[in-house]
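First the structure, in the form of structure tokens, and then the observations on it.
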Amino acid sequence: MKEIINKYKNKIYIFNTLKNKKELFIPINNNLIKMYVCGPSIYKKIHLGNCRTFIFFDIIYRYLLHLKFDIRYIRNLTDYNFKLNYNVDKNYYIYSYDMKKKILKFYKILQLLNLLKPNFEPRVTNYIYEQINNIKKIIKLKYGYNLNKSIYFNIYKYNKNFREYGKILNNIDISYNRNKNNYYKKKNIYDFSIWKNYNYNDLIRWNTEWGKGIPGWHIGCTTMSNKFLGEYFDIHGGGIDLKFPHHECEIIQSNIINNNNNNLAKYWIHTNILTINNKKMSKSLNNYILPYDIIKGRYRITDNININPLIIRLYLIQTHYRNNINFSYNNLRKTINIYYNLLNIFNKIKRIKTQNITSSYINILEIYENCYNSINDDFNIPLLIYNLNKINNIIDECINNVLQINKSDLYKLNKILKYFIIDILGLKKEKNKKSINIKKIINNLLKIRNEMRIKKDYIYSDKIRDIISDYIIINDN
RNA sequence: GGCACCAUGGCCGAGAGGUUAGGCUAAGGUCUGCAAAACCUUAUACAGUAGUUCGAAUCUACUUGGUGUCUCCA
């Protein structure tokens, strides 16, 4: 196994959004990989779109673990937001209690979706001191200026001394379609705040030598990634909507604070968005769907009340991460079959009778090759699922004795399925005790109904059918 | 305008160089206490043009159309 892992760990290709091309992944420090992913802003519950990003990076994390890399994975929590509407009238303890509850709910959802815990999940408000220090550095280097007790980053100076703002990640044309009204009298319209003067109503604020307030959004991520991973690390990830301006600003700040040209991370990975009715699913548009509502059957996707959360997981990864997903219940419903087909492979494989032959008709090496190559090609999960389904077909043929397989090859086949389906895709079979009880009740009702039908008591048998038709479909033939 | 993604039947959707999966829908049938479901049969598609190739839905170039993003966002 070691040989196989070593063979494929040097062949990972990543679409690096920093350069807009696919590149061979070469870690900065041999076997050590440092990865930072922008976590959620905790002010509303996380929806399917948020989950998509976190699940995708969970798969990268799982895969790198599988390849026996030594990996440090950090995902932050932005636990302060203007939209929280906490004001001075409210008690600080209520705020802090609410925040804790919200974070626990976030963890609960990720746990249901079978995400592994990152190595550390720093909360922005725990690192204010470090952020202020970084702001001080920026001011000292004269890249930050004070305007009405807020601190802004001087883009004009940056463009002069480093490289052009807006060209690093997004390559945006900053002359186009931009509101040129400069309300705040900033030196440049692209100057962004690294410290915000407090509003009278804000409950939370910190003291500095230039006044009370809160750090800007971007400085938090720069500071935490620097603190936990150093000034230059391997992978920085997040949703594509963070590409600009958030990540652009993170890079610029880091280049100034550390006085380098590293652009913070070697590889930048951005996941595409999830749309619904061709509009972006977002908290602000209020068109979002919560995973918990699907799991609890509030959208009634099938006749079974509860939906296995891992079906949502599979739904979100079966489209390549750089394509956008247009959410539809229909497709989610179809994923149920795909899910059970995939997991059924483990039951099917037990039915294979091995043959006492020296070489099987199955090319195990080729199967390994296909699976590893698909995930190595910019984490092509749809292709991986396609290849896993191919294995499914092979297993069918083995069961039907069309193909013959020996013991050692069957063992290898079992192994690769376990690696990819369970370890990397993160799917698993779950036993739901509640649903088993419901099943028992329904089965008993069905028995009674059948007895009535034999007696041709159709009035009551139909009544029973109506009652239980909410849970199952009855096929009398 | 920049960047990214997409284009497959009436609708949804797989495909990853080698006879266009599958599902929904429609029509006809089998079955049946009624209903639903299931099963069988039938129907229709690779946006356009050029190129690479023995062979292209798939690779390349261009064109057309669509979506997202460039404002708080995963």
Side-chain angles (χ1 to χ4, degrees), chain A residues 15 17 20-21 37-44 46-57 75-78 81-84 106 110 166-179 189-190 192 216-218 237-248 269-286 288 303 316 318-326 328-335 337-338 341 370 373-374 377 380 382-387 389-390 393 452-459 461-462 465-466 469 472-477:
Chain A
F15 188 90
T17 31
N20 257 334
K21 63 176 183 196
V37 173
C38 284
S41 284
I42 308 286
Y43 71 97
K44 276 187 183 175
I46 61 156
H47 56 70
L48 284 181
N50 305 123
C51 293
R52 180 188 190 184
T53 300
F54 302 139
I55 292 171
F56 173 68
F57 285 102
R75 187 184 58 216
N76 75 295
L77 291 160
T78 304
N81 193 300
F82 282 120
K83 290 175 184 173
L84 276 169
F106 168 69
L110 295 196
K167 296 286 180 202
I168 302 165
L169 277 176
N170 219 26
N171 208 10
I172 64 156
D173 181 357
I174 54 175
S175 62
Y176 180 77
N177 198 18
R178 184 81 187 199
N179 183 5
I189 46 165
Y190 285 95
F192 56 92
W217 176 35
H218 316 303
I240 201 166
D241 46 0
L242 295 186
K243 211 170 157 193
F244 185 87
H246 181 55
H247 289 160
E248 186 93 13
I269 302 176
H270 289 102
T271 53
N272 213 322
I273 52 160
L274 183 85
T275 56
I276 181 160
N277 296 325
N278 287 327
K279 285 269 170 282
K280 183 185 169 189
M281 186 180 287
S282 77
K283 291 172 189 169
S284 47
L285 286 175
N286 243 11
Y288 55 86
D303 294 325
L316 293 173
Q318 65 179 341
T319 301
H320 192 265
Y321 77 94
R322 284 191 288 128
N323 289 0
N324 63 309
I325 304 173
N326 192 17
S328 81
Y329 292 111
N330 215 5
N331 291 344
L332 182 61
R333 201 172 294 126
K334 281 171 191 165
T335 309
N337 288 337
I338 299 171
N341 282 342
N370 286 341
N373 280 345
S374 45
D377 181 14
N380 197 334
L383 184 56
L384 174 65
I385 293 171
Y386 166 79
N387 280 315
N389 276 321
K390 266 188 174 171
N393 292 340
M452 286 175 160
R453 289 182 71 239
I454 291 164
K455 290 177 189 167
K456 302 215 168 183
D457 181 357
Y458 294 120
I459 296 167
S461 69
D462 284 358
R465 182 178 66 195
D466 290 345
S469 66
I472 59 162
I473 297 157
I474 297 170
N475 180 355
D476 280 337
N477 293 322

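Note that these values count all heavy atoms, side chains included, but never hydrogens, waters or copies made by symmetry. Naming convention: chains lettered A, B, ... in sequence-line order (proteins, then strands); numbering from 1 in each chain. Keep in mind the model is a prediction, meaning the values are calculated, not measured.
- Between the P atoms of B/G23 and B/U41, the separation comes to 11 Å (whole Å).
- Within the nucleic acid shown, A/Gly39 comes within 4.0 Å of sugar-phosphate atoms alone, with no base atom in reach, counting heavy atoms only.
- Nucleotides B/A27 and B/C46 place their P atoms 25 Å apart, quoted to the nearest Å.
- A gap of 12 Å separates the C1' atoms of B/C54 and B/G17, to the nearest Å.
- Residue contacts for A/Tyr386: at a heavy-atom cut-off of 4.0 Å it reaches the sugar-phosphate backbone alone, with no base atom in range.
- Under the 4.5 Å side-chain criterion, counting only non-hydrogen atoms from C-beta, A/Asn50 is not in contact with A/Pro40.
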Can you pull every protein N or O that's under 3.5 Å from an N or O on nucleotides 20-23 of chain B?
none

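- Under a cutoff of 6.0 Å and an axis angle of 45°, A/Arg75 and A/Phe57 do not form a cation-pi pair.
- Between A/Phe192 and A/His218, the ring planes lie perpendicular to each other; the angle is over 60°, past the 30° to 60° tilted range.
- Nucleotide B/G65: paired with B/C6 (Watson-Crick or G-U wobble, both distances less than 3.5 Å).
- Across the P atoms, B/C62 and B/C6 are found 16 Å apart, a figure rounded to whole Å.
- Heavy atoms of A/Arg52 sit nowhere under 4.0 angstrom from any nucleic acid atom.
- Nucleotides B/A43 and B/A47 place their P atoms 22 Å apart, quoted to the nearest Å.
- Distance from the side chain of A/Ser461 is smallest to B/G33 among B/G33, B/A16, B/A74.
- To the nearest whole angstrom, the two C1' atoms, one in B/A45 and one in B/U20, are 9 Å apart.
- Counting any heavy atom pair closer than 4.0 Å across all strands shown, A/Gly238 reaches sugar-phosphate atoms only and no base atom.
- If you check every strand for non-hydrogen atoms under 4.0 Å, A/Leu169 touches nothing.
- Checking B/C3, B/C6, B/A74 against every side-chain atom of A/Asn323, the shortest atom distance belongs to B/C6.
- Under the Watson-Crick or G-U wobble criterion, with both distances below 3.5 Å, B/A21 has no partner in any strand shown.
- In this structure, the aromatic ring of A/Tyr458 is positioned over the six-membered ring of the base of B/G33, centres within 5.5 Å and planes within 30°.
- With both ends at atom P, the span from B/C72 to B/G65 equals 31 Å, rounded to whole Å.
- Pair assignment for B/A14 gives none, since no Watson-Crick or G-U wobble pairing has each distance under 3.5 Å.
- Considering only heavy atoms from C-beta on, A/His47 stays 4.5 Å or farther from A/Leu274 through its side chain.
- When both distances must be under 3.5 Å, the Watson-Crick or G-U wobble mate of B/G1 is B/C70.
- The C1' atoms of B/U8 and B/A21 are separated by 12 Å, rounded to the nearest whole Å.
- The side chain of A/Thr53 approaches B/A74 more closely than any other nucleotide in the set B/C3, B/A16, B/A74.
- Within the nucleic acid shown, A/Leu242 comes within 4.0 Å of sugar-phosphate atoms alone, with no base atom in reach, counting heavy atoms only.
- Across all strands shown, A/Asp462 has heavy atoms under 4.0 Å from base atoms, whether or not it also approaches the sugar-phosphate.
- Between A/Ile273 and A/Met281, the closest side-chain pair of non-hydrogen atoms is not below 4.5 Å.
- One donor-acceptor pair, N or O on each side, does fall under 3.5 Å between the base of B/A16 and the side chain of A/Asn380.
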